[in-house]
Structures are given as structure tokens and as C-alpha cells.
Q: 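Please see the structure below; I have some questions.
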Protein chains: 2
Amino acid sequence: MLQFTKRTEYALIALVHLVDRRGEFVSARELADRYPVPPRLVAEVLKELQREGLVDSQRGAAGGYALARPAADITLAEIVTVLEGAPLLTSCDTGFAGTAGSCEVEPTCPIRSPIHRVRDRIRDVLSHVTLESLAHPNALPMVTPTENR
Amino acid sequence: MLQFTKRTEYALIALVHLVDRRGEFVSARELADRYPVPPRLVAEVLKELQREGLVDSQRGAAGGYALARPAADITLAEIVTVLEGAPLLTSCDTGFAGTAGSCEVEPTCPIRSPIHRVRDRIRDVLSHVTLESLAHPNALPMVTPTENR
DNA sequence: CCAAAGGGCACCGATTTGGTGCTATTTGGG
DNA sequence: CCCAAATAGCACCAAATCGGTGCCCTTTGG
Ligand code: SF4
Ligand code: SF4
């Protein structure tokens with residue numbers, strides 16, 4: 001459906017919030033208090049981000065989550081890949097590795113190659129959006145590669 | 001899930017095939033014979049494309065479908081919009097019209113604006129891929145606006 | 001007049017998505 | 001020393017979406 005899942009959006013909200021608390025450990029509860037999001041779901045998403053190494057976690061009373069790396073080094077492409085999996089646009093050939101194409105059309109598919117080119121372009125867009133640029137949109141000019149119209 | 005639906009893929013396969021038959025009316029059956037796709041589904045998709053004015057249809061014995069406009073004037077963005085709806089990336093503010101944001105977070109959402117910028121970039125990518133460029137990938141250099149890496 | 005084709009629309013099973021329940025473990029502070 | 005707060009893990013469910021069919025009607029060329 002060419003749309004982010006709510007999980008991804010919640011992750012982005014949480015991660016952007018973490019950018020402001022550089023280094024500090026922020027609890028899932030604090031996030032749920034600040035934004036009208038389902039507390040448990042945000043917690044679940046943060047756990048997943050921890051498992052994948054995007055954030056560090058500290059347990060116990062004063063625990064919480066913090067970015068595992070500088071905000072400028074974490075890309076939107078990476079976040080999406082962690083939460084929704086790599087395959088973009090088509091179900092064949094994820095482009096990264098594994099999950100061999102289970103599509104019946106693949107051998108004679110006339111759009112596979114061109115669509116994959118489009119997919120790569122979209123991945124490029126997502127790869128050039130960093131957490132830093134999401135948190136402070138006005139800071140960087142966002143590279144502005146497309147010069148259309 | 002940031003992935004096209006099968007309906008969209010079948011539409012693209014069909015439309016690309018229509019490009020080669022410039023002007024001729026091609027039946028859904030012919031398409032299903034040529035590619036291993038569910039005949040009925042392809043037919044259903046073509047009907048939808050007809051309703052939205054992307055293809056012309058002719059009924060009766062020698063009937064079928066043909067492109068309603070030059071292949072160079074039909075963009076991937078348009079096709080996707082017809083089959084999957086306009087909203088891209090987020091569920092708030094489709095960016096085109098209507099469907100007022102039903103998201104609870106919207107008033108205080110910190111990622112809405114930046115994400116919409118990304119969404120617009122992706123729409124740009126899809127808007128610059130024409131049916132012509134999908135059918136004959138080597139003909140045009142595909143504009144190549146992004147000059148990364 | 002009939003077979004081949006499209007038009008309309010409802011419907012179903014499988015998958016995905018959004019969200020919750022429950023329990024265990026860690027840990028700082030009173 | 002113990003409890004409240006917090007993460008870790010994992011199962012589970014309801015709703016939405018998606019892939020695909022069934023059924024019947026209308027058009028039209030041979
Ligand atoms: S092979 Fe063609 S139809 Fe099958 S998933 Fe890839 S692009 Fe889509
Ligand atoms: S308001 Fe924020 S959370 Fe809600 S849909 Fe838009 S971007 Fe996503």
C-alpha cells in the first residue's frame with residue numbers, strides 16, 4: 001500500500017524525541033505522556049529497535065532508551081528496513097539478500113527490472129534522510145538532489 | 001508496508017504490454033495467456049483502469065483495452081494513485097485533497113511536516129517514471145536527477 | 001444467434017496491521 | 001531490604017487489507 005505502518009511512525013516520533021535528549025535515557029512512558037500514542041505499542045516498538053541495535057536500553061527504575069549512534073548516522077531507510085523488512089515495491093528479489101523470489105511471473109516479468117530501478121531510487125531518497133534532518137528540518141538543506149519543475 | 005499491491009503490478013504488466021500494441025485493442029485473455037497471472041484479476045484491474053480513464057475499452061467479440069493516452073503522458077504516480085489511493089507514507093493529510101487527518105497525534109506530531117517532505121520527494125520520483133520509460137528502459141536516460149554516490 | 005469479450009458487484013480466505021495481556025527480570029531509591 | 005518503575009519476551013486477538021473468485025448482465029463481430 002506504499003504507506004508506512006503505524007509502528008514505523010511511532011518509532012520515528014520516539015527517535016526524534018530521543019535526539020533532543022542526547023545521551024539521556026528516556027522511558028517509553030515519558031513518550032506516551034508527551035504524545036497521544038498507545039503506550040504499550042511504543043514500548044514494543046522500542047524493544048524491537050533495541051534488538052536491532054538502533055537504540056541502547058537501560059533497565060530498572062531510571063531506565064529507558066537512548067540513541068545507539070549519532071542522529072546523523074541513522075537513516076530513514078534503516079529504520080524502515082528494521083520495522084517493515086527490506087522488500088520494497090515488489091515481492092520479488094528484495095535487492096539486499098535472501099528471500100528468493102516466490103513470484104510466478106518472475107521468469108517472464110517485463111516490469112521487474114524497470115521497477116527495481118525505481119525501487120532503488122526510492123531507497124536512495126530514504127537513505128539520504130537522517131534522523132538529524134527529521135528532527136531539525138531547517139538545519140540542513142536536505143541535499144535537494146531532485147531539481148524538477 | 002511500502003510495497004505495491006499485486007493489483008498494481010498486474011496493471012503495470014498489462015499497461016506495458018499495451019504500449020507495444022499501440023492503438024490496438026488487447027483482450028484480458030491475451031494478457032493472461034502471455035503471462036502467468038490470474039486472468040480474472042487482470043480483467044478486474046483493467047476494468048478499474050477503464051473507469052478511471054487510463055485506458056479505453058471496446059466491448060464485444062473483438063474487444064479489449066488500449067491506452068487512452070500516449071505512454072509518455074501516463075506516469076507511475078498516476079497508476080498507483082488510481083489503484084491504491086493517493087495517501088502515501090502517512091495516514092494523515094493525503095496532500096492531494098479531502099480525507100481529513102483522522103490521526104490522534106496530528107496536532108502535536110513532530111514528524112508530520114518532515115515526513116511529508118519525504119513523501120513529496122517520493123511522489124516526484126513516481127511522477128517522473130512514465131509508461132514509456134517502463135516499457136523501453138534504455139530509450140530515455142530516465143532524467144537521472146539524483147546524483148548520489 | 002452465439003461465442004467471445006467487457007461491466008458490475010458481492011463475496012471469501014489469507015495475510016498484515018494495530019493493539020493488548022501476561023509474566024519475568026532488572027534496578028534505583030526509600 | 002524491598003518495592004515501584006522500567007525493560008524483555010512472547011503470545012494473542014480484532015480489524016483492515018489483499019489476493020482472488022462467483023455470478024450474472026450487456027455488447028458485438030462473425
Ligand atoms: S516478478 Fe514481476 S510481477 Fe513478480 S514480483 Fe517481481 S515485479 Fe512483481
Ligand atoms: S500526524 Fe504524525 S503520526 Fe499521525 S499520521 Fe501524520 S505523521 Fe503519522
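As the structure is a computational prediction, the values presented were derived from the model and not from experiment. Here is how names work: the chains are called A, B, and so on, in the same order as the sequence lines, proteins then strands, and each is numbered from 1. FYI, side chains are in, hydrogens and waters are out, and symmetry mates aren't considered; it's all heavy atoms of this structure.
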Q: Distance from A:L12 atom CG to A:L131 atom CG, nearest 0.5 Å?
A: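 A:L12 CG to A:L131 CG: 7.5 Å, rounded to 0.5 Å.
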
Q: Atom CD1 of B:I74 and atom CG of B:L15: how far apart are they, to the nearest 0.5 Å?
A: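 Output value for this atom pair is 6.5 Å.
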
Q: Would you indicate whether B:R29, at its atom CZ, is surrounded by more than 12 heavy atoms from other residues, nucleotides or ligands within a distance under 6.0 Å?
A: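 For B:R29, atom CZ is not crowded (no more than 12 foreign heavy atoms under 6.0 Å).
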
Q: Give one of base, sugar-phosphate or nothing for B:F4, where a contact means two heavy atoms less than 4.0 Å apart.
A: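 No contact.
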
Q: Classify the nucleic acid contact of B:F25 as base, sugar-phosphate or nothing, counting any heavy atom under 4.0 Å across all strands shown.
A: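 Counting heavy atoms under 4.0 Å across all strands, no contact is made by B:F25.
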
Q: Do the side-chain N or O atoms of B:Y10 get closer than 4.0 angstrom to the phosphate oxygens (OP1, OP2) of D:dC18?
A: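 It does not, given that no N or O in the side chain of B:Y10 lies less than 4.0 Å from OP1 or OP2 of D:dC18.
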
Q: Could you tell me the separation between the CG atom of B:L41 and the CG atom of B:L46, rounded to the nearest 0.5 Å?
A: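 The CG atom of B:L46 is 10.5 Å from CG of B:L41, to the nearest 0.5 Å.
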
Q: Between the protein and nucleotides 28-30 of chain D, which nitrogen or oxygen pairs are less than 3.5 angstrom apart?
A:
| residue | atom | partner | partner atom | Å |
| --- | --- | --- | --- | --- |
| D:dT28 | O2 | B:A61 | N | 3.4 |

Q: Taking A:E84 for the side chain and A:T5 for the main chain, is one N or O donor matched with an acceptor at less than 3.5 Å?
A: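 Flag set: sc A:E84 to bb A:T5 pair under 3.5 Å.
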
Q: Have a look at A:R112 and tell me which of A:C103, A:P107, A:C92 forms a side chain to side chain contact (heavy atoms under 4.5 Å, CB included) with it.
A: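 Exactly one candidate clears the test, A:C92.
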
Q: For DNA chain D, what residues of residues 28-48 of chain B have any heavy atom nearer than 4.0 Å?
A: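 Result for residues 28-48 of chain B: B:P38, B:R40, B:L41, sorted by number.
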
Q: NA contact type, A:R51, heavy-atom cut-off 4.0 Å: base, sugar-phosphate, or nothing?
A: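 Sugar-phosphate contact only.
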
Q: Using ring-ring contact (aromatic ring centres under 6.0 Å, His included) as the criterion, list what pairs up with B:F25, not counting sequence neighbours.
A: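 Expected list: none.
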
Q: Are any protein N/O atoms closer than 3.5 Å to N/O atoms in nucleotides 14-17 of chain D? If there are, list each pair with its distance.
A:
none

Q: Residues in salt bridge (charged side-chain N to carboxylate O under 4.0 Å, His left out) with A:E44, at least two apart?
A: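 Per chain and number, A:E44 pairs via salt bridge (charged side-chain N to carboxylate O under 4.0 Å, His left out) with A:R40, A:K47.
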
Q: When rounded to the nearest 0.5 angstrom, what is the spacing between CZ in A:R117 and CG in B:L134?
A: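 Rounded to the nearest 0.5 Å, the CZ-CG separation comes out at 9.5 Å.
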
Q: Which atom pair, heavy atoms only, marks the closest approach of B:A66 to B:G23?
A: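 That closest heavy-atom pairing would be CB-O, 3.8 Å.
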
Q: Rounded to the nearest 0.5 Å, what's the gap from CG on A:L18 to CD on A:E30? Could you check?
A: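 It comes to 9.0 Å.
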
Q: Distance from B:R121 atom CZ to B:L89 atom CG, nearest 0.5 Å?
A: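 These two atoms lie 11.5 Å from each other.
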
Q: So, A:R22 and A:E132, do they make that salt bridge, N to O below 4.0 Å?
A: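 Here A:R22 pairs with A:E132 in a salt bridge, since their nearest N and O are under 4.0 Å apart.
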
Q: Could you tell me from which nucleotide to which nucleotide of DNA chain C, 5' to 3', there is an atom under 4.0 Å from chain B heavy atoms?
A: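 Span of nucleotides near chain B: C:dA4 to C:dT17.
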
